[in-house]
Number of protein chains: 2
Amino acid sequence: MKTTRNTVAKTAVLEIFGKSKTALSHAEIQKQTGDLCDRVTIYRILERLVNDDIVHKIVNLDGTVKYAKCHHHAQRVHIHNHAHFSCEKCLEITCLENVKPSYIIPHNYKVNDINFTLSGLCPNCLNSNI
Amino acid sequence: MKTTRNTVAKTAVLEIFGKSKTALSHAEIQKQTGDLCDRVTIYRILERLVNDDIVHKIVNLDGTVKYAKCHHHAQRVHIHNHAHFSCEKCLEITCLENVKPSYIIPHNYKVNDINFTLSGLCPNCLNSNI
DNA sequence: AATATTATCGCAACAATGTTGCAATTAAAA
DNA sequence: TTTTAATTGCAACATTGTTGCGATAATATT
Ligand SMILES: [Zn+2]
Ligand SMILES: [Zn+2]
Ligand SMILES: [Zn+2]
Ligand SMILES: [Zn+2]
């Protein structure tokens, strides 16, 4: 029954997530923490936060991995079935909490998790594009 | 107007795709080609095949990248909007050509590409699990 | 068939990202 | 305060992917 501890590094990472409107990569988090802790420590903190359902992992079309805070706790089954939008211009990735795909899949598949990522131009970049 | 060439390496890679029922990673392709060509060459062949809409790239939840042959040519716009299934047990990734997600996204987003990956247990592993 | 063009390749070198083992540290329980 | 073990730092390694450039070879041209 592993207990979880509040370390300075973990607290700092959580604070960074709290201030960010978009998903963050390991590199971005490391940049913001400066030399507070080791590179590996951030990897391990992210791993724990994902396991504890505090943040979720997002894999983009180009293979980049980002993390975002979960805004949907207190559910029996914790599934991230909302869409993510990846802007090709500003490269930001945001959660679209209200966009959820519907689909029909053959009954002989058992689905445990889904990943639904849309890429294109976000509202900001769409405007500045005109 | 760059012309494309049929090299032995490219032919071998295409033949491997032809024989495979599932999506293939760079490492898997390299294993099957043996020492026919360099590692980098396979990367470049895959890059060209993707650009020519002969194969499409699939990014999995765990970050692994695979490629699968396109079975839907002769369309004006070549979009891979079908779902992909990633089996957590046998680790195989397959195209579900007939499974396409429907969704509603705010009008101020411009969607150019989508990635819809389901993970869980494939029919094979679901059966052998009982 | 011989030659010219250039797409493709091999190789070396590099970069980014992620993992593992282990001793040292430190948050939290006793 | 002492004890426990979760967490960290560091070094070392693995994987994946990219780039530059001279050499090779597929295709077009003569
Ligand atoms: Zn944008
Ligand atoms: Zn999200
Ligand atoms: Zn399976
Ligand atoms: Zn596919």
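Sequence lines set the chain letters: A, B, ... in the order given, protein chains first and strands last, and positions in each chain run from 1.
One atom, CG of Leu61(B), and another, P of dG18(C), lie 15 Å apart when rounded to the nearest Å. One can place CG of Asp52(A) at 13 Å from P of dA6(D), the figure rounded to the nearest angstrom. Between Lys2(A) atom NZ and dT8(D) atom C1' there is a gap of 13 Å when expressed in whole angstrom units. Atom NZ of Lys66(B) and atom P of dT16(D) are 11 Å apart (whole Å). For the pair Asn60(A) CG and dT17(C) C1', the interatomic distance rounds to 15 Å; values are reported in whole Å. Here dG9(D) presents its C1' atom at 12 Å from CD1 of Ile42(A), a figure rounded to the nearest Å. Following rounding to the nearest Å, Ile45(B) (CD1) and dT8(C) (P) show an atom-to-atom distance of 9 Å.
Between the side chain of Asp62(B) and the backbone N or O of Thr64(B), at least one donor-acceptor pair lies under 3.5 Å. Remark: side-chain polar atoms of Ser20(A) are not paired, donor with acceptor, to backbone N or O of Ile16(A) under 3.5 angstrom.
Ring pair His56(A)/His84(A): centre-to-centre distance below 6.0 Å.
Summarising the hydrophobic clusters (Ile, Leu, Val, Met, Phe, Trp, Tyr; side-chain heavy atoms under 4.5 Å, direct or chained), the residues clustered with Tyr43(A) are none.
Only Leu36(B), Cys37(B), Asp38(B), Val40(B), listed by number, bring a heavy atom of residues 20-40 of chain B to less than 4.0 angstrom from any atom of DNA chain C.
A donor-acceptor contact closer than 3.5 angstrom is absent between the side chains of Lys66(A) and Ser86(A).
For Tyr43(A), the listed nucleotide lying nearest its side chain is dG18(C); candidates were dT18(D), dC9(C), dG18(C).
Between Cys87(A) and Thr94(A) the shortest side-chain heavy-atom distance does not fall below 4.5 Å. Within the 4.5 Å cutoff, side-chain heavy atoms of Phe17(A) are placed close to those of Val55(A).
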### Query
When you check every protein heavy atom under 4.0 Å of nucleotides 22-30 of chain C, what one-letter string (B, S, -) results, 5' to 3'?
----BBS--

### Task
Apply salt bridge (Lys or Arg N to Asp or Glu O under 4.0 Å) to the pair Lys21(B) and Glu92(B), showing each step before the final yes or no.
CA-CA 10 Å; Lys21(B) 297 285 284 179; Glu92(B) 285 185 349; over 6 Å; no

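By the neighbour-count criterion of 12 heavy atoms within 6.0 Å, atom CG of Leu36(B) is densely surrounded, having more than that number from other residues, nucleotides or ligands.
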